[in-house]
A.B. asks: 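Mind looking over this structure? Questions follow.
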Protein chains: 2
Amino acid sequence: MRQVQAPQDPPAKAFALPKDPTQRAWVAIQRFGPALLERVETRLKTAGFPALEWYDVLWAIEREGPLRQRDLAGHMLVARYSISRLIDRMEAEGYVSRRECPEDGRGQMIHATTAGLKLRKAMWVVYSKAMRDALAPLTEKEALQLAALLEKLA
Amino acid sequence: MRQVQAPQDPPAKAFALPKDPTQRAWVAIQRFGPALLERVETRLKTAGFPALEWYDVLWAIEREGPLRQRDLAGHMLVARYSISRLIDRMEAEGYVSRRECPEDGRGQMIHATTAGLKLRKAMWVVYSKAMRDALAPLTEKEALQLAALLEKLA
DNA sequence: GGTGTATTGTTGCACTTGCAACGAATACCC
DNA sequence: GGGTATTCGTTGCAAGTGCAACAATACACC
């Protein structure tokens, strides 16, 4: 997570917002996006849960079945070596397991263990609440608008 | 920066977008925001420039005059220790200097050097272009909308 | 088939980050 | 004033990250 919110203090200072629309949008993306993410991650962490990426991996596997690292990287927009090490850690904790990939000797299928499925469910309780709180200032309509605008940028 | 775009490959896979407006907005913020940031940072990096934070520090000082680390942290929504080490690095490269703070013995005023001002200007050439390209899919009106929505979440 | 190229996942290294603790200085409060 | 709490900036340590290189496998093409 590109960290951006101060974990130590909540300084809350006023910002000089640029007048130019593009710049103003950029500043908002650069500042408030990451700050928002961090707010949610902090909730997870203080609840004793691992980072969001762990959730993302487990959820992707739960939705689509065992996946290759390549596909996980694709889903999460993360570099391959990041996934490799993330899986290392998750495997060490017993949440996923690597098994060989039948149709490609290089690859491997990442499976979720029972503990993994359980972890994802438990995380969702905290995660969904934190997410909703973070987006509470927006109406449903605004949330959709925001999503649409960001999707346009992908 | 919470990295999220794959520096090695541009996989470009389709995503399953949630139907729930809040969740959809959240996914967009979590995925596309960081990906956008990374796109711009990559442009800076390949042009041989340091990361965006350096720009932010220099620009804040240029706008408001010498600042304390506390205030820089406030502006950038970053932890104090991050600023401390960031200033370490920037000082080592000769872009800023620490001077004592007259009215608070704990603090220090961070000044930009001539090289620092020059660096910021040079970075802006690349930065502004990259920013505009990244936000090109949006009209001015949409950019303003996006900014307003994100500001609501701060 | 055989040869050259591309992809997949891993790893050594240097660097950055978060956390917790710290010393120094200030602010508060009676 | 004097004592306590708070703030500011720093730092040791463990953990995470990007980069570049790697071995192994797959693919393309003749």
Side-chain angles (χ1 to χ4, degrees), chain A residues 1-13 34 37-38 41-42 44-46 48 50-54 57 66-74 76-93 96-110, chain B residues 1-13 34 37-38 41-42 44-46 48 50-54 57 66-74 76-93 96-110:
Chain A
M1 231 212 213
R2 172 175 290 115
Q3 122 301 358
V4 158
Q5 165 122 325
Q8 295 182 355
D9 8 272
K13 229 208 137 189
L37 278 175
E38 178 139 328
E41 290 244 30
T42 299
L44 278 174
K45 190 169 302 180
T46 55
L52 265 181
E53 322 165 298
W54 291 44
V57 167
L67 286 174
R68 299 188 50 172
Q69 291 197 24
R70 173 191 56 174
D71 301 317
L72 282 171
M76 298 168 61
L77 296 181
V78 164
R80 279 193 308 268
Y81 58 78
S82 295
I83 290 292
S84 179
R85 292 198 261 229
L86 176 54
I87 299 299
D88 282 350
R89 280 170 253 149
M90 294 183 68
E91 190 177 29
E93 301 284 339
V96 298
S97 68
R98 296 182 218 241
R99 305 194 199 159
E100 78 174 39
C101 179
E103 72 259 354
D104 188 337
R106 293 167 300 183
Q108 48 192 218
M109 305 305 289
I110 310 298
Chain B
M1 231 204 215
R2 171 178 291 113
Q3 120 300 357
V4 159
Q5 166 121 324
Q8 296 182 354
D9 9 272
K13 231 211 137 188
L37 278 174
E38 179 139 327
E41 291 243 30
T42 299
L44 278 174
K45 190 168 301 180
T46 55
L52 265 180
E53 321 165 299
W54 291 44
V57 167
L67 286 173
R68 301 188 49 171
Q69 292 198 23
R70 173 191 54 174
D71 301 317
L72 282 170
M76 298 168 60
L77 296 181
V78 164
R80 279 195 307 268
Y81 59 79
S82 294
I83 290 291
S84 179
R85 292 197 262 229
L86 176 54
I87 298 299
D88 282 350
R89 281 170 250 152
M90 294 183 68
E91 190 177 29
E93 301 285 338
V96 298
S97 68
R98 296 182 218 240
R99 304 193 200 160
E100 78 173 41
C101 179
E103 72 258 353
D104 188 337
R106 293 166 300 183
Q108 51 193 215
M109 305 305 291
I110 310 298

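Numbered from 1 within each chain, the chains take letters A, B, ... in sequence-line order. Because the structure is predicted, anything quoted here is derived from the model rather than measured.
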A.B. asks: So which heavy atom on A/Glu41 is nearest to which on A/Leu52, and how close?
C.D. replies: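 Looking at all heavy atoms of both residues, the shortest contact is OE1-N, 3.4 Å.
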
A.B. asks: Select from B/Arg89 and A/Arg68 the residue whose nearest nucleotide in DNA chain C is closer to the 5' end of that strand.
C.D. replies: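 The residue closer to the strand's 5' end, by nearest nucleotide, is A/Arg68.
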
A.B. asks: B/Ile83 CD1 to D/dT7 P: how many Å, rounded?
C.D. replies: 18 Å

A.B. asks: Please name the pair of heavy atoms, one in A/Pro34 and one in B/Leu37, separated by the smallest distance, quoted to 0.1 Å.
C.D. replies: CG-CD1, 4.1 Å

A.B. asks: The side chain of A/Gln108 lies closest to which of these nucleotides: C/dG9, D/dT25, D/dC19?
C.D. replies: C/dG9

A.B. asks: To the nearest Å, how far apart are B/Met90 CE and C/dT16 C1'?
C.D. replies: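 Atom CE in B/Met90 sits about 16 Å away from atom C1' in C/dT16.
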
A.B. asks: Determine whether any donor atom in the side chain of B/Arg85 lies under 3.5 Å from an acceptor atom in the base of C/dG18, or the reverse, and answer yes or no.
C.D. replies: yes

A.B. asks: Just how far, in rounded Å, is C1' of D/dC27 from CD of A/Glu103?
C.D. replies: 15 Å

A.B. asks: Please determine, for the side chain of B/Ser84, which listed nucleotide (C/dT10, C/dT17, D/dT10) has the closest atom?
C.D. replies: D/dT10

A.B. asks: Starting from P on C/dG18, measure out to CG on A/Leu37 and report it in whole angstrom.
C.D. replies: 13 Å

A.B. asks: How many Å lie between CD on A/Glu38 and C1' on C/dT17, as a whole number?
C.D. replies: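 Nearest whole value for this atom pair: 11 Å.
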
A.B. asks: Taking OP1 and OP2 of D/dG18, is either one under 4.0 Å from a side-chain nitrogen or oxygen of B/Lys45?
C.D. replies: no

A.B. asks: Does the side chain of B/Arg68 reach to within under 4.5 Å of the side chain of B/Ile110, using non-hydrogen atoms?
C.D. replies: no

A.B. asks: Distance check needed: C/dG9 C1' versus A/Leu67 CG, whole Å only.
C.D. replies: 15 Å

A.B. asks: Would you kindly give the CG-to-P distance between A/Asp88 and C/dG9, to the nearest whole Å?
C.D. replies: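 The answer, rounded to whole Å, is 13 Å.
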
A.B. asks: What N/O pairs connect the protein and nucleotides 4-7 of chain C at under 3.5 Å? Give each pair on its own line.
C.D. replies:
residue, atom, partner, partner atom, Å
C/dT7, O2, A/Arg106, NH1, 2.6

A.B. asks: Of the listed nucleotides (D/dA26, C/dT17, D/dT10), which one gets closest to any side-chain atom of B/Glu53?
C.D. replies: C/dT17

A.B. asks: At 10 degrees resolution, what angle do the end axes of the helix from C/dG1-D/dC30 to C/dC30-D/dG1 form when each is taken over five base pairs?
C.D. replies: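 Angle reported: 40°, given to the nearest ten degrees.
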
A.B. asks: Check side-chain contact (heavy atoms from CB on, under 4.5 Å) between A/Ser84 and all other residues, then give those that pass, not counting sequence neighbours.
C.D. replies: A/Gln69

A.B. asks: Do A/Thr46 side-chain atoms and A/Thr42 backbone N/O form a donor-acceptor pair below 3.5 Å?
C.D. replies: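 Between the backbone of A/Thr42 and the side chain of A/Thr46 there is a qualifying donor-acceptor contact (under 3.5 Å).
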
A.B. asks: On DNA chain D, does the nearest nucleotide to A/Asp104 precede the nearest nucleotide to A/Trp54 from the 5' side, or the other way round? Give the residue.
C.D. replies: A/Trp54

A.B. asks: Would you mind reading off the distance between B/Leu86 atom CG and D/dT11 atom C1', rounded to a whole angstrom?
C.D. replies: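 Rounded to the whole Å, the gap is 16 Å.
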
A.B. asks: Does B/Tyr81 have a side-chain nitrogen or oxygen under 4.0 Å from the phosphate oxygens OP1 or OP2 of C/dT17?
C.D. replies: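 No, no such contact exists.
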
A.B. asks: Do you know the tightest heavy-atom contact between B/Met109 and B/Pro102?
C.D. replies: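 Closest approach of B/Met109 to B/Pro102: CG-CD, 4.3 Å.
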
A.B. asks: Go through the structure and list residues passing salt bridge (charged side-chain N to carboxylate O under 4.0 Å, His left out) with B/Asp88, not counting sequence neighbours.
C.D. replies: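 B/Asp88 satisfies salt bridge (charged side-chain N to carboxylate O under 4.0 Å, His left out) with B/Arg98 once adjacent residues are dropped.
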
A.B. asks: Does any non-hydrogen side-chain atom of B/Val57 lie less than 4.5 Å from one of B/Ile87?
C.D. replies: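 Sidechains of B/Val57 and B/Ile87: in contact.
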
